[in-house]
Amino acid sequence: MSNEAPKNDFIRQLIQEDRKGGKRGGRVQTRFPPEPNGFLHIGHAKSICLNFGIAKDFGGRCFLRFDDTNPATEEELFIRSIEQDVRWLGFDWGADLRFASDYFDAIYEHAEALIEAGKAFVCDLSSDEMRELRGVPGQPGKESPHRSRSVAESLELFRKMRAGEFPDGSRTLRAKIDMASPNFNLRDPVLYRIKRQPHPKTGTKWVIYPMYDYAHALSDAIEGTTHSICTLEFEDHRPLYDWCLEVLPIDKWTQRSSDERPNQYEFARMEVTYLLTSKRKLKDLVETKTVADWDDPRMPTIAGLRRRGVPAAALRDFCDRIGVAKAAQQVEFELLDHCIREELDKTAPRAMVVTKPLKVTIETLPAGEITALYAPNHPSNAEMGSRKVALSRELYIEATDFMLDPPKKFFRLGPGREVRLRFGPIIKCERVVTNAAGEVVELVCSHDAASMPGAGGEPRKVKGVIHWVSAEKNAVCEVRNYDRLFAAPEPSDVPEGEDYKKNLNPGSLETLPTAFAELSLAGSAPGSTYQFERLGYYVVDRDSQAERLVVNRTVGLRDSWAKEQSKE
RNA sequence: UGGGGGAUCGUCUAAUGGCAGGACGCAAGACUCUGACUCUUGCUAUCAAGGUUCGAAUCCUUGUCCCCCAGCCA
């Protein structure tokens with residue numbers, strides 16, 4: 001991550017060219033402009049890394065600006081979560097936190113100026129009528145009957161709109177551009193609408209709110225944005241963006257020359273297989289209680305990924321690796337998993353946890369005696385230290401590490417078979433105890449004293465090594481094994497008229513309420529990540545109690561045995 | 001049948017007229033007190049057809065396919 005070649009995507013190349021040409025004195029300023037109407041998801045992470053990354057690379061600034069122009073869907077809760085998520089991802093906007101609503105006064109004044117310049121008019125058409133006149137592809141639209149209204153009349157009506165004299169939706173302010181344009185965004189687009197809706201920041205001060213295209217171009221210019229980076233679907237909006245900057249007296253307002261105006265650039269949004277990135281559907285999952293909340297570990301939200309234990313560094317690495325281009329991106333989730341494993345392999349201390357316990361009694365070990373075994377916290381990084389794990393006569397192993405009738409390639413325990421206890425001795429399965437139903441409930445084993453670490457015996461190799469936890473010294477633990485929320489690579493892809501929830505993976509959460517963790521894990525702080533040996537990477541959940549650990553599986557270890565089995 | 005974009009291994013991405021490279025994935029093997037990690041080897045690509053050129057993924061022409069746009073959402 002740190003020793004990689006410098007990024008050189010097409011946007012950075014364009015910025016380089018700007019700088020080479022001396023444009024804006026080389027100044028680079030970007031912004032990340034979320035609408036606070038939901039939680040940020042993995043797709044936003046790409047945009048955050050791009051915008052903040054560019055500012056960093058070119059010694060510029062990146063603003064966090066909330067695009068809060070539609071109070072009908074926006075909430076304070078989302079503002080707070082977005083700030084938290086951007087910060088957690090590792091980016092700092094310093095003093096450059098803004099809201100489009102900070103500029104509402106300026107935006108309003110510019111609208112009056114636009115009317116006075118004869119470039120905007122108040123329109124009395126309903127949205128249905130407006131749609132009717134807008135026309136269809138290939139056909140020019142028709143001009144609104146109010147388009148020729150006098151400047152004075154439009155100005156008076158606009159002021160009355162602001163004063164709250166008209167009902168919601170009854171009038172709009174529209175730009176006067178070109179109803180015959182093949183680009184629908186230029187067919188006299190709406191600039192302001194009437195909406196009696198308390199706003200999270202401005203309260204009830206306004207009953208009219210500016211539309212995105214108009215407010216966004218103005219906000220960028222006011223802040224001094226140089227490179228306004230957005231996704232591909234706004235490509236068609238660029239002419240309107242440029243029109244606003246050209247026609248509005250914004251250069252005078254900012255006291256900057258026209259060379260300083262921002263330019264918009266578009267890149268392809270990212271999609272990841274098996275993940276959903278539609279805000280509408282994510283909201284639906286939360287509202288229908290399909291998942292616990294926005295930060296459910298199965299959610300592709302940044303909050304969900306965080307709670308699942310995904311390190312911010314892994315997410316940043318992922319965003320770096322997928323690159324930035326204009327062709328549609330459908331990234332395989334395996335790349336995300338790879339980035340997570342790579343980061344966690346380096347940073348997560350190892351521990352032993354038995355998630356599906358099978359009791360083992362080592363009859364050659366005396367009852368009541370505990371042997372402390374040395375266990376390094378990381379197999380290749382001694383700086384991470386070590387801890388002691390308790391070996392006792394009775395212990396638990398993973399039920400899946402025993403088979404009554406194992407195939408040849410099964411390197412684990414079976415009747416009469418030998419296996420090494422990780423960091424401990426080699427044991428041999430002498431007898432199998434079954435219950436009335438014929439189920440295996442306990443194994444009675446012997447141990448090879450010479451194979452005990454430090455015993456100085458002849459080094460002996462066995463093929464299998466399994467993890468285990470003492471039945472006497474352990475911490476009870478609830479394990480939540482999360483899997484992908486959707487079973488289909490494209491969750492939204494359902495036959496016409498069917499619900500995308502048909503693609504839900506019924507096994508996306510497996511809760512194991514009575515797992516046993518080695519005692520060293522007791523009292524681990526929420527957010528701590530571990531590799532549970534031979535199982536996967538886990539994070540301590542905030543639901544953890546002092547006497548009851550709760551852990552979430554971040555991602556499993558690669559499992560070539562499982563792969564081998566699935567071939568048959 | 002309007003406008004705006006885009007097509008390079010299965011996926012993502014490099015190349016900026018000069019050896020189509022990397023990553024993920026997959027396969028085989030080595031190593032191993034994690035069937036992990038690591039390592040080795042291998043796999044598969046320039047949308048098509050013409051043209052320009054000593055030389056084309058790159059330039060030109062024609063075509064094909066895919067995505068976005070008709071909110072008082074962003």
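Chain letters run A, B, ... following the sequence lines, proteins first, then strands; residues in each count from 1.
A salt bridge between A/E235 and A/K326 is present, with a side-chain N of the basic residue lying under 4.0 Å from a carboxylate O of the acidic one. Ionic pairing of A/R534 and A/E398 is not present here: no N-O contact between side-chain nitrogen and carboxylate oxygen is shorter than 4.0 angstrom. Using a 4.0 Å cut-off between charged side-chain N and carboxylate O, A/R98 and A/E223 make no salt bridge. The pair A/D559-A/K563 does not count as a salt bridge, with every side-chain nitrogen at least 4.0 angstrom from each carboxylate oxygen. Using a cutoff of 4.0 Å between basic side-chain nitrogens and carboxylate oxygens, A/D102 and A/R65 are not scored as salt-bridged.
In the set B/rA74, B/rA15, B/rG10, the nucleotide with an atom closest to the side chain of A/N8 is B/rA15. Out of B/rA7, B/rC72, B/rG5, the shortest distance to the side chain of A/S127 is found at B/rC72. Closest contact between the side chain of A/P453 and the listed nucleotides B/rU32, B/rG35, B/rC33 involves B/rC33. Relative to the side chain of A/E334, the nucleotides B/rG35, B/rG25, B/rC33 differ in distance, and B/rG25 lies closest. Side-chain atoms of A/H338 lie closest to B/rC24 of the nucleotides B/rG5, B/rC24, B/rA74. Taking every side-chain heavy atom of A/R412 into account, B/rG35 is the closest of B/rC24, B/rU34, B/rG35. Set against B/rA74, B/rA36, B/rG6, the side chain of A/Y212 has B/rA74 as its closest nucleotide. Residue A/R134 places its side chain closer to B/rA70 than to any other of B/rA70, B/rC26, B/rA36. When distances run from any side-chain atom of A/Q330 to the nucleotides B/rC72, B/rC73, B/rU11, the shortest one goes to B/rU11. Here B/rA36 is the nucleotide among B/rU11, B/rG2, B/rA36 with the atom lying nearest to any side-chain atom of A/S560.
Stacking here means ring centres nearer than 5.5 Å and ring planes tilted less than 30 degrees, and by that measure A/F184 does not stack onto B/rG3.
The glycosidic torsion of B/rG71 lies within 90° of 0, placing the base in the syn range.
Between A/R341 and B/rU34 there is no side-chain N or O to OP1 or OP2 distance below 4.0 Å. OP1 and OP2 of B/rG22 both lie 4.0 Å or more from every side-chain N or O belonging to A/R321. A/R131 has a side-chain polar atom (N or O) that falls below the 4.0 Å cut-off from OP1 or OP2 of B/rG71. Within the structure, a side-chain polar atom (N or O) of A/R193 is placed less than 4.0 Å from OP1 or OP2 of B/rC73. The shortest distance between the side-chain N/O atoms of A/Q329 and the OP1/OP2 oxygens of B/rU13 is below 4.0 Å. For the OP1/OP2 pair of B/rA74 and a distance below 4.0 Å, the side-chain nitrogens and oxygens of A/K279 include no atom meeting the criterion. Proximity of A/T69 to the phosphate of B/rA74: a side-chain N or O atom is located under 4.0 Å from OP1 or OP2. At B/rU34, none of the side-chain N or O atoms of A/H467 fall inside 4.0 Å of OP1 or OP2 (strictly under the cut-off). A close approach under 4.0 Å does not occur between any side-chain nitrogen or oxygen of A/K346 and OP1 or OP2 of B/rC37. Neither OP1 nor OP2 of B/rC72 sits under 4.0 Å from any side-chain N or O of A/S126.
If you check distances only, the side chain of A/Q531 does reach the base of B/rU34 with a donor-acceptor pair under 3.5 Å. You won't find any donor-acceptor pair under 3.5 Å spanning the side chain of A/R558 and the base of B/rG35, going by distance alone. A donor N or O paired with an acceptor N or O is found under 3.5 Å between the base of B/rG3 and the side-chain atoms of A/D236. For a distance-only test at 3.5 Å, the side chain of A/E266 fails to qualify as a donor-acceptor partner of the base of B/rG5.
A/E35 has its CD atom 6 Å from the P atom of B/rA74, to the nearest Å. Put simply, CE on A/M452 is 14 Å from C1' on B/rC33, counting in whole angstrom units. If you measure from atom CG of A/D128 to atom P of B/rA70, you get 15 Å, rounded to the nearest angstrom. Nucleotide B/rC33 holds its P atom 13 Å from the CZ atom of A/R460, rounded to whole Å. If you take CD1 of A/I397 and P of B/rG35, they are 13 Å apart, rounded to a whole angstrom. Straight-line distance from the CD1 atom of A/I208 to the P atom of B/rC73: 14 Å, rounded to whole Å. Taking atom CD of A/E332 as the reference point, atom P of B/rG10 lies 11 Å away to the nearest angstrom. Counting to the nearest Å, the C1' atom of B/rG3 and the CZ atom of A/F234 are 17 Å from each other.
Residue order along RNA chain B, read from the 5' end via each residue's closest nucleotide, puts A/L336 first among A/D559 and A/L336. Between A/K461 and A/L557, the residue whose closest nucleotide on RNA chain B is further toward the 5' end is A/K461.
A/E533 comes within 4.0 angstrom of a nucleotide base, judged by non-hydrogen atoms across all strands.
In this pair, A/Y274 and A/F333 present their aromatic rings perpendicular. The plane angle is above 60°, beyond the 30 to 60° band. Using cut-offs of 30° and 60° on the angle between ring planes, the pair A/W294 and A/F39 is parallel.
A/Y538 and A/V551 make their closest contact through CD2-CG2, 3.9 Å (heavy atoms, listed as atom of the first residue, atom of the second, distance).
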